[in-house]
Number of protein chains: 2
Amino acid sequence: MPDDRPIFVYEYPSLEVAAETVKAATSERRAFIVVGNCWVEYRGRASSTLKKGERIFIVKEDGSVLIHRSKGYEPVNWQPSGSIFYTSIKGNVLTVKAVRRAPRESIVINFDKVYLLTVLNLIDEGEFCLYASEEDMQKAILIQPEIVEEGLKLITYEKKVEPGFIDVYGVDKKGRMVVIEIKRKTAGKDAVLQLARYVDSVKGIVNRETRGIIVAPQLAKGAQKLLVTLGLDFKQLDPRKCAEIVRKTETRKLEDFYL
Amino acid sequence: MPDDRPIFVYEYPSLEVAAETVKAATSERRAFIVVGNCWVEYRGRASSTLKKGERIFIVKEDGSVLIHRSKGYEPVNWQPSGSIFYTSIKGNVLTVKAVRRAPRESIVINFDKVYLLTVLNLIDEGEFCLYASEEDMQKAILIQPEIVEEGLKLITYEKKVEPGFIDVYGVDKKGRMVVIEIKRKTAGKDAVLQLARYVDSVKGIVNRETRGIIVAPQLAKGAQKLLVTLGLDFKQLDPRKCAEIVRKTETRKLEDFYL
DNA sequence: GAGTGGATTTCGCAT
DNA sequence: ATGCGAAGTCCACTC
């Protein structure tokens, strides 16, 4: 397999050629794509069978496996990275077995026709950046606590209390403790209940008046009632605006922002 | 684009040929794969940028989009089904924009080199069956309640109580109400807390002694303490064994199994 | 259209 | 390795 081209293509190869090429590709840890008629068995955490049909089979350099049908965002079968491959040919069937340990599971894919086989040698050093994650919201609040509430002073973040971790923890302008639970999308009942538990936990420790604030772009309807019942607050905040605040501020560590 | 072949391949096509082919493919709602050097911008619920690199770009018949790097099980960028495509070429750049409404979001992928373009016409009617899901565990319990506990009689399943739905609901041999929470993998604190809420809710309604049982292959360590504290029970059950029980029984509707 | 919960979720991080 | 929570989670189902 020459190294100088980013891809190497076999159109309608024989199963023998396909088998040899797949063997070489897996042993050299190259990514490849097979399009052909196949059937699949999966055994591991669960089991599945997929009967004959034409699909896209992708193996990547790190040994992750994807089997895609012609529709749907999700693969019908897959294996996360780290699989080991066994390729064989028997009669008119090319079989690739992908085995993973921890958890032990395997995919067996059988082809009786291969329409396309391409071995890839992709160079990809391009940086990937994601904005407006929950982490961005947390950073924005640490940079500008006033976006949550005027007079809010932060004490710490990611504080461990019994049920888990408090996203942000501070004191309001009247000196009450404030526990903040951040959600990057509509906050539901579970978020409210989680916050309630945190507030209770903090109350038990600090023995001071303690408020809880949900910070999220929206509050689910059922969650609203619960919020009122439990005496918690809600502050609407757009994750994209938070991302802007974060990008505008020079990059500093989170640690630089709390007292 | 002829219809008689499952795939049509362009190796190292010009950007012009690639653009025309992509336009035709999207307008005919065909799946296609592009391998080439590209950069990507995503805007919607969040935002992301991906700098130049060689990647696999897949569009499926239902308008789902996947952009895969040479490593990793997950796509670096994607769009679920239903996207609308706008393809254009400007200078030496081929641009495909995939737009989705509800939520409004878009991916823009730009290619300056295309190594492979293949248009697919895959026939795939093969049935897919998955075993050992949580549903299988529920079915197995309905078929053979004794795998949970000797003398257990079931009343109903998927019962609505205030916090949500009870997986399975019955009476034990001593006449106590039993609420069962099923997890197909290790049950954590959240499962225990959820069950506790259900038990409380049922107690409030039936005004009778009520037990809660977690049915799962394993119980998380932190969850164990909580379980004891809250006075709940745990029954170990392997989802694969449940799947066997279900497969052995002739297929009947779930409704046939409860009193 | 919103809310709820499962998934072979995966992934990352901390213990 | 296990536990725990986020994710542009997606998806199916119900209200």
Side-chain angles (χ1 to χ4, degrees), chain A residues 40-48 64-67 72-82 100-107 128 130-138 158 160 163-165 167 181-191 194 217-224 226 239-240 243, chain B residues 42-48 64-66 72-82 100-107 128 130-138 158 160 163-167 181-191 194 218-224 239-240 243:
Chain A
V40 186
E41 295 241 344
Y42 156 73
R43 256 158 228 295
R45 289 167 293 177
S47 322
S48 72
S64 29
V65 176
L66 301 166
I67 298 168
Y73 151 84
E74 290 176 318
V76 59
N77 280 113
W78 71 90
Q79 200 91 275
S81 64
R100 178 193 183 201
R101 297 161 206 282
R104 177 82 183 185
E105 45 190 358
S106 65
I107 286 183
F128 177 72
L130 179 69
Y131 310 100
S133 59
E134 183 173 310
E135 192 187 347
D136 270 357
M137 294 184 73
Q138 195 187 71
E158 301 286 313
K160 175 101 182 94
F165 283 87
D167 289 336
E181 174 67 27
I182 302 168
K183 290 289 161 197
R184 67 170 305 287
K185 47 180 185 175
T186 305
K189 284 181 189 174
D190 48 346
Q194 201 178 352
Q218 220 190 326
L219 195 60
K221 213 144 197 182
Q224 211 156 7
L226 202 56
R240 282 165 299 184
Chain B
Y42 156 74
R43 255 156 229 296
R45 288 168 291 177
S47 324
S48 72
S64 29
V65 176
L66 302 166
Y73 151 83
E74 290 177 319
V76 59
N77 280 113
W78 70 91
Q79 200 86 279
S81 65
R100 178 194 184 202
R101 303 167 200 278
R104 176 82 182 183
E105 47 190 355
S106 65
I107 286 184
F128 178 72
L130 179 69
Y131 310 100
S133 58
E134 183 173 309
E135 193 187 347
D136 270 357
M137 293 183 73
Q138 194 186 73
E158 298 286 311
K160 175 102 182 91
F165 282 86
I166 292 174
D167 289 336
E181 174 67 28
I182 302 169
K183 291 286 161 198
R184 68 171 301 289
K185 48 180 186 176
T186 306
K189 284 182 189 175
D190 48 346
Q194 202 178 351
Q218 219 189 327
L219 196 60
K221 212 145 195 179
Q224 211 154 9
R240 282 166 300 186

Rounded distance in Å between the C1' positions of D:dA6 and D:dC10:
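Roughly 14 Å separates the two C1' atoms.
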Work out how far the C1' atom of C:dT9 is from that of C:dG5, and round it to whole angstrom.
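One C1' to the other, the span is 13 Å.
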Any [X] side-chain heavy atom under 4.5 Å of [Y] side chain:
| X | Y | result |
| --- | --- | --- |
| A:Ser48 | B:Phe128 | yes |
| A:Ile107 | A:Glu41 | no |
| B:Asp167 | B:Glu134 | yes |

For [X] and [N], what is the distance between atoms [atom1] and [atom2] respectively, to the nearest whole Å?
| X | N | atom1 | atom2 | value |
| --- | --- | --- | --- | --- |
| B:Gln138 | D:dA12 | CD | P | 19 Å |
| B:Glu158 | D:dT14 | CD | P | 9 Å |
| A:Lys189 | D:dC15 | NZ | C1' | 12 Å |

Check for a donor-acceptor pair, side chain of B:Glu181 on one end and backbone N or O of B:Ala191 on the other, with a separation under 3.5 Å.
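Judged by distance alone, no pair lies under 3.5 Å.
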Given 3.5 Å as the limit, does a donor-acceptor pair link the side chain of B:Arg184 with the main chain of B:Ala132, or not?
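Pair found, side chain donor or acceptor close to backbone of B:Ala132.
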Using a 4.0 Å heavy-atom cut-off, write out nucleotides 5-15 of chain C from 5' to 3' as B (base contacted by protein), S (sugar-phosphate only) or - (no contact).
SSSBBSS----
My understanding is that only residues two or more places apart in sequence, or in another chain, count here; which of them pass side chain to side chain donor-acceptor pair (under 3.5 Å) with A:Glu105?
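For A:Glu105 the side chain to side chain donor-acceptor pair (under 3.5 Å) partners, ignoring immediate neighbours, are A:Tyr42, A:Arg45, A:Arg100.
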